[in-house]
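A quick write-up on the structure given underneath.
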Number of protein chains: 2
Amino acid sequence: MRFEAITIKDIATALGLSTSTVSRALRDSHEISVETKKLVRAYAEEHNYRPNPIALSLKEKRSRSIGVVVCEIANSFFSQIINGIESIAYDRGYNVIISQSHESYKREVIDLNYLASRSIDGLLISVSMETTNFDHLKSLHNKGLPIVFFDRVVDEIDTHKVIIDNSTGAYNATVHLIENGFKRIANINISEHSFIAQGRLSGYKKALQDHNVPIDEKLIRYCEHGGQDYAELEREMDALFAQKKKPDAVFAGSDTMTMGILRYFKSRKMRIPEDIALVGFSNSENADLLQPALTVIKQPAFEMGKKATELLLKVIEAKRPDKDFENFVLPAELVVRESSERKK
Amino acid sequence: MRFEAITIKDIATALGLSTSTVSRALRDSHEISVETKKLVRAYAEEHNYRPNPIALSLKEKRSRSIGVVVCEIANSFFSQIINGIESIAYDRGYNVIISQSHESYKREVIDLNYLASRSIDGLLISVSMETTNFDHLKSLHNKGLPIVFFDRVVDEIDTHKVIIDNSTGAYNATVHLIENGFKRIANINISEHSFIAQGRLSGYKKALQDHNVPIDEKLIRYCEHGGQDYAELEREMDALFAQKKKPDAVFAGSDTMTMGILRYFKSRKMRIPEDIALVGFSNSENADLLQPALTVIKQPAFEMGKKATELLLKVIEAKRPDKDFENFVLPAELVVRESSERKK
DNA sequence: TATTCACCCGATAACGATTGCGTAAAAAAA
DNA sequence: TTTTTTTACGCAATCGTTATCGGGTGAATA
């Protein structure tokens, strides 16, 4: 079952012209007479002619499509980013091919191979949490594939990057907890190796230092898989609460983990914020409807997608390689709700 | 900045062969000698040769990509469906181009034009809530584009369809409310014209009839835009509660509306389920974390995406058109939680 | 009258890969 | 030895489009 469309050749034979003439007429070349143009345009319009993008791609050596790799699209933060990406790509005539790594390094490598073989013009990627070796990305980058990193970026590759100000976001959240009277603030973070976790950890530590709260390394824990796997999160939480000096607040380092921790507390009948306060990174639209309404650090995901795409298209459409790369930093916003209410 | 890959021609000149020989060697043709094959394969391997999919598409008149149109990807139900779609498409070597209609008819038409111009091999679509005229779809279908509908299907177009058993889902939810002692059960539904709303409404009515609860048309309301726009939902809810005989339970017809209604109740300080019970269609992963934990009708979204994709690929890859179309119906599952607890 | 331009258009090659057909050389059969 | 067959490869067309080059016609200029 195939779906056949009208071609320039069809128009040419129908009107007794050559394909070159038809092509030029449609592109409004000055070397075609006004009558011929009219004739061709009318026929094309009538038969709903659309240039074959595949033929164009082959000729122009560009596919007008960009690849996107994220860990998971069923995650508010990333689906909002994708909305931002699509909003720009769509306007500029690019289509977007989305792949999910599901936080697996292996899957990320496969995804990239696949995208490269689909001859994408450029790549937008937020690397998986498992990824510590970046050779697959370096190799593509060296071959000249335009790449823009967003959110989880790779320091060692020199290109545009769009990130959240993780450090300030974490700082503000931690300060907020300190000011509300919490003393033992735990930090459950994503993979220790990740760029994101490092920023968030530094903001957390700086806030404690600035307020003369001692840093207790036992209150800092990491989930290598970012809490995609609830069992992993549960293990880390159990370890955290098995300690003698228990935390009175938890600051969570990702959307999935924030929800997972909330689930953990509820299952253990821990009252929030009376027994334990909770603040976390989250872009859920419904954080205000949760029990309790959650204090979150919200990230400008849509803007991030937009900005990353704009930068990528700039590189793709640049006549000559530009070595002047941007490191664009977007602010995170603290939204205060019940889950971090002042200790009585 | 362009990203150049090795071609068959490069291999041919490097080895002093013709492109035909190289092509045949790579496809393991019997008319190429064993040594030549070895030579070519080794060179291709070493230089990481990948056939150019665009050139193949042009030759084979197929793009190995399928278009997907949904209203919104930042919606658990649809992002889970997309996960299902990708899981199959990926394995079969197809890539997926996703477009969002944002529940706008106009945008849906633009999306389809765009996808058609990108020469997709097939289309998976859940039509927008605004869409009542299906000419844009009929036209593509008549031109031979393989289409499979999912969730929000179009009756008048004869092709494969994958739907949820909306009627039974709604029936079970309504019966559950009746059995828990609720008497005046309102139904807030999506656009009245939609296939989905009709199924859900019929299940709702049947449940009332089977239990001798009178049907009160004043308790049935529709949101044309499906609650994407909170103001619209608010207007309908205000109208519902402005009545003398107020409802004691609400059954909501979509994910967005369920969340919107919960927000509405909370903002009016209405207690759930004491003042008003709530049950709704929702695929949110976190319905159990809400206040109160929400009784939902959960749909097998991932399965739906898988099934629809399998059917589409069957049509695309069929040698000859098959007129025997499936109407695949998936069950919805009622998950009981606090928001519909028995009246004291 | 001869030359020079515009003007308008067609033929051809190219993008990368596949494929039917043709053919030289080697091997097998007569 | 001659003829036939087999082996192993190259040529060229094709998919749809555009860029380059070249050419014919008629009018304006020398």
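Numbers restart at 1 for each chain; the letters A, B, ... are given by sequence-line order, proteins then strands.
Contacts between residues 11-28 of chain B and DNA chain D, defined by a heavy-atom separation below 4.0 Å, involve B/G16, B/L17, B/S18, B/S20, B/T21, B/R24, listed by number. In the region residues 40-52 of chain A, proximity to DNA chain C at under 4.0 angstrom, judged on heavy atoms, holds for none of the residues.
Nearest nucleotide to the side chain of B/T7, out of C/dA17, D/dT18, C/dC8: C/dA17.
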Could you tabulate the donor-acceptor pairs under 3.5 Å formed by side-chain atoms of residues 84-93 of chain A, not counting sequence neighbours?
{"residue": "A/S87", "atom": "OG", "partner": "A/G84", "partner atom": "O", "Å": "2.8"}
{"residue": "A/Y90", "atom": "OH", "partner": "B/D111", "partner atom": "N", "Å": "3.4"}
{"residue": "A/Y90", "atom": "OH", "partner": "B/D111", "partner atom": "OD1", "Å": "2.7"}
{"residue": "A/R92", "atom": "NH2", "partner": "A/E317", "partner atom": "OE1", "Å": "3.0"}

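Looking at heavy-atom distances under 4.0 Å, B/S57 makes no contact with the nucleic acid at all. Within 4.0 Å of A/L58, counting heavy atoms only, lies at least one base atom of the nucleic acid.
Counting atom types as modelled, A/E31 pairs no side-chain N or O with a base atom of C/dC7 as donor and acceptor under 3.5 Å.
A/H136 meets the ring pair (Phe, Tyr, Trp, His ring centres under 6.0 Å) test with A/Y105; sequence neighbours excluded. Under the rule for a ring pair (Phe, Tyr, Trp, His ring centres under 6.0 Å), B/F134 has no partner lying at least two apart in sequence or in another chain. Applying the salt bridge (Lys or Arg N to Asp or Glu O under 4.0 Å) test to B/K138 and every residue at least two apart in sequence or in another chain returns B/E156. Scanning for salt bridge (Lys or Arg N to Asp or Glu O under 4.0 Å) contacts around B/R152 gives B/E103, with sequence neighbours left out. Checked against ring pair (Phe, Tyr, Trp, His ring centres under 6.0 Å), A/Y43 has the following partners two or more places apart in sequence or in another chain: A/H47. In terms of the side chain to side chain donor-acceptor pair (under 3.5 Å) criterion, A/R27 has no residue partners (sequence neighbours excluded).
The heavy-atom pair separating B/P51 from B/L56 by the smallest distance is CB-CD1, 4.0 Å.
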